[in-house]
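In this text, all values refer to a predicted model and were calculated from it rather than measured experimentally. We use all heavy atoms of the structure for the numbers below, so side chains are in, but hydrogens, waters and symmetry mates are not.
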Amino acid sequence: MKPSKINPKTTIFRGLFAFKARIIFLVFVFVMSFSGILLSNWLMASQATFANINLLQPAPTQPLGYYDYFGQLLSPKQAAKLVQKQGLDPNDPVSYQKVGAVQITSELISQGEDIFFNRKIGDTFGLQRVFGFGLGLENLFPEIGIAIAQLQGQSTNNLEITLLKNITLGSRTFSQGTRINTGLKVEAGGTFPLGLKSNGDITCAICHAVIDKNGKRLAGAPNGEIATPILIALAQNTAAGFARLKFNPLDPQFQGNGKTIIDSKGNLVQLPDPQKFEQAFDDAVMDVPFGHFESTPDGINNTTQIPNLFTFGNHPYGTAGEAAVGPFAGLSVLNNAVHSSEINLLAAAQLSEQTLGIDPEVYIGTFLQNAADPSLRLPSGSPVKPSEWLRQVAPNATQAELEDQVPAPGTGTYPNLQPSLFTFNGLVFSPNTGNPDDIASGTFLFANNAMSAFQNSLVPPANQTPENQQALKSGSVVRGAKVFKQAGCATCHIPPFFTDNKIHPVEEIGTNSARAESRLALNNLLVPPQLYSFDTPVPIPTNAQVLDVPTRGISINPTTLPQGILPNGGYKTTSLRGLFLSAPYLHDGGVAVRAGSLQATPDGNFSVIDPTGLGLTGTLSQGIPADAESSLRALFDRNLRAFVIGANKAYPALERSNLDGTGHNFYIDQQAGYTPQQQTDLINFLLALDDIPGSF
């Protein structure tokens, strides 16, 4: 990929525009702060004002020097008053940590960036020794090395490899010589894919960073091309993650040569045949489109599209908005989930009986019997309780499945922890304090908060495509902003962050309910969310100070899911910033159209000229990117959407994964009273929502 040329005039103009916009914003901030109004409250209240003034106004950015206090932004003066009210010294930085306030500094953001790009996700015991993720990836390391060498120092957003041997994943065999799009990113001059370590560890960057036209990393953009099904199915014991999909290990179809174990009630139970179970699970994993992932141990097939991380002002977090409380308005909950409940495969056994109807011993036994490390597999001979065997082969839980994780206060004692609105398995990712070899080392919750501060510093990059330049010059973007208002889109997608920061019931949104239901089983199990004060060292001392996490305005009480999720599930209002980088669309990513599949007709409408490019079956299920403009057109045009939905539903793999592109029936088409040109203008407006939407 050749580096793009930079137009000095365009760069200067854009810089002046940005400077002017930021100055205006800072003046507002100063006035409001001087008046004693919390900046966070002003930001939320001002969104309606922005909607009436200028939809192309740049969004506010995270201010340095301010403090996050459980989702509220406080100026230094306001934070000092908070500390004083609690009888602490505002001149002592530790005082702020004691009350749960996090100062947003350049150093903290830099530390978060380092963790994001360079610190591994997951525990070595579960992810590597049992699941076998790294060992699986090693099968492709020779091909990856050859492909990178062939780049000759050039960058790529999709490392294409050629298999040197046959590889079987589930019931599918990829023959030697097959070319595979991995979606792995390689920087200019890079010697290994971004976010992937030579020992098989991965970092956040593997899914949440891409390469720009200059061959440099661009954090926050979703890796919609990554071959998640292939990279996961390569593991020897992929079925250890069976709770992520609708798989019951005791289903008769999986019976065969499984080990017999003693369950928690003292009954003898035969586990599934490891080969049958692994093949069936690998087949299900291979159903998942590229750029999608399955992270919740809820027994529901609800794979989700990788989101962007332009997070400031975009709370609550998670598809259903379940990450809503705590520091950074729930963003630290989301980061904690990624490093704990989503990646810690074994910890789900604690709640497997209540949430999945699966005995915990059956869960642990299924997890271990085909472990990638043979020394961890259940023994031959007399049946054992898998939990007792686990403690024989891994006597210290903190050095095994609890690596870098501590139970949150009030959740109980492992392995009998209860979830809360802050932690969905009772655990908090918080590596030991004072470890110079770990960049995530710090006091309690440091790493999660640092990553939150970093993610909140990210903004959508400039959309410098020729199409956006032309749309701005022709006035199409400005006209599209008017259509956006006229159609009522700003009712929920309120500028400048283009979200109302609410969770809407699934019945209102009308999209496939699978993702909305992901946390419902936890609702009757929740305990009040609590955290240790942020000056607490890890390991946690017995006299550590405990903080109650505020939930007012988020949930009816501290032990119920956020409002909007109950009773049947809900979806958060997704921000529209950075849409040009985030195709396909909707909560399931089901509205997907390949470039070149649509064509304008003489009357200005669009028709399908290549049906094979419609839906996920014509795009990410084949490792082919979805086109942003075409996918947005299918989102707004009911006739085109019908074709896309039909393509999705005709593909059994997508049906099994509940990926269909249905719902959100807010159309901007002729039947709704809009002209084809107005539809095009709206699309151009949405694709212009970058760091400075009103300029190129």
Side-chain H-bond candidate by donor/acceptor type, [X] with [Y], under 3.5 Å:
{"X": "S95", "Y": "D89", "answer": "no"}
{"X": "T423", "Y": "S420", "answer": "no"}
{"X": "N314", "Y": "K572", "answer": "yes"}
{"X": "S452", "Y": "S332", "answer": "yes"}
{"X": "N158", "Y": "T156", "answer": "no"}

| When the ring planes of F484 and F685 are compared, do they come out parallel, tilted or perpendicular, using 30° and 60° as the limits? | tilted

Kindly compute the distance separating [atom1] ([X]) from [atom2] ([Y]), expressed to the nearest 0.5 Å.
{"X": "S341", "Y": "L427", "atom1": "OG", "atom2": "CG", "answer": "8.5 Å"}
{"X": "F446", "Y": "Q111", "atom1": "CZ", "atom2": "CD", "answer": "4.0 Å"}
{"X": "I509", "Y": "I503", "atom1": "CD1", "atom2": "CD1", "answer": "11.0 Å"}
{"X": "Q455", "Y": "F328", "atom1": "CD", "atom2": "CZ", "answer": "10.0 Å"}
{"X": "S575", "Y": "L689", "atom1": "OG", "atom2": "CG", "answer": "8.0 Å"}
{"X": "H315", "Y": "F497", "atom1": "NE2", "atom2": "CZ", "answer": "9.0 Å"}

Margin query: Applying side-chain hydrogen bond (donor to acceptor under 3.5 Å, both in side chains) to Q405 and D123, what does each step give before you reach the verdict?
Written below: CA-CA 9 Å; Q405 299 171 81; D123 59 292; 4.9 Å; no

Between T573 and the options H493, H504, K502, the side-chain hydrogen bond (donor to acceptor under 3.5 Å, both in side chains) test singles out H504

Where the side chain of [X] meets the backbone of [Y], is there a donor-acceptor pair that is under 3.5 Å apart?
{"X": "Q78", "Y": "S75", "result": "yes"}
{"X": "T105", "Y": "L108", "result": "yes"}
{"X": "N463", "Y": "T465", "result": "yes"}
{"X": "T228", "Y": "H292", "result": "yes"}
{"X": "Q305", "Y": "P222", "result": "no"}
{"X": "S441", "Y": "N435", "result": "yes"}
{"X": "D588", "Y": "T304", "result": "no"}
{"X": "S582", "Y": "L579", "result": "no"}
{"X": "N456", "Y": "F312", "result": "yes"}

Evaluate the side-chain proximity of [Y] to [X]: yes if any heavy-atom separation is below 4.5 Å, no if none is.
{"X": "V428", "Y": "F444", "value": "yes"}
{"X": "R519", "Y": "I565", "value": "no"}
{"X": "L687", "Y": "E629", "value": "yes"}
{"X": "R217", "Y": "S155", "value": "no"}
{"X": "S457", "Y": "Q62", "value": "yes"}

Test log, rule side chain to side chain contact (heavy atoms under 4.5 Å, CB included), inputs K197 and N118 = CA-CA 9 Å; K197 302 293 185 180; N118 300 311; 4.0 Å; yes

| said: Using the ring centroid of each side chain, check whether Y67 and Y96 are separated by less than 6.0 Å. | reply: yes

H664/F666 aromatic ring centres below 6.0 Å
yes

> Do R515's NZ or CZ and the ring of Y571 fall within the cation-pi criteria of under 6.0 Å and 45°?
Replying inline: no

Minimum heavy-atom separation for [X] to [Y], with atom names?
{"X": "P419", "Y": "N425", "answer": "CB-N, 4.4 Å"}
{"X": "L445", "Y": "F422", "answer": "CD1-CZ, 3.7 Å"}
{"X": "L334", "Y": "A323", "answer": "N-CB, 3.9 Å"}
{"X": "G122", "Y": "I343", "answer": "CA-CG2, 3.5 Å"}
{"X": "F116", "Y": "L309", "answer": "CE1-CD1, 3.6 Å"}
{"X": "P558", "Y": "L421", "answer": "O-CD1, 3.8 Å"}

Practice prompt. Evaluate side-chain hydrogen bond (donor to acceptor under 3.5 Å, both in side chains) for S110 paired with E113, printing each intermediate quantity in order.
Written response: CA-CA 5 Å; S110 179; E113 181 178 19; 5.0 Å; no

Between H587 and the options N302, V506, T511, the side chain to side chain contact (heavy atoms under 4.5 Å, CB included) test singles out T511

Problem set entry | SB check R119 D438 (cutoff 4.0 Å) | yes

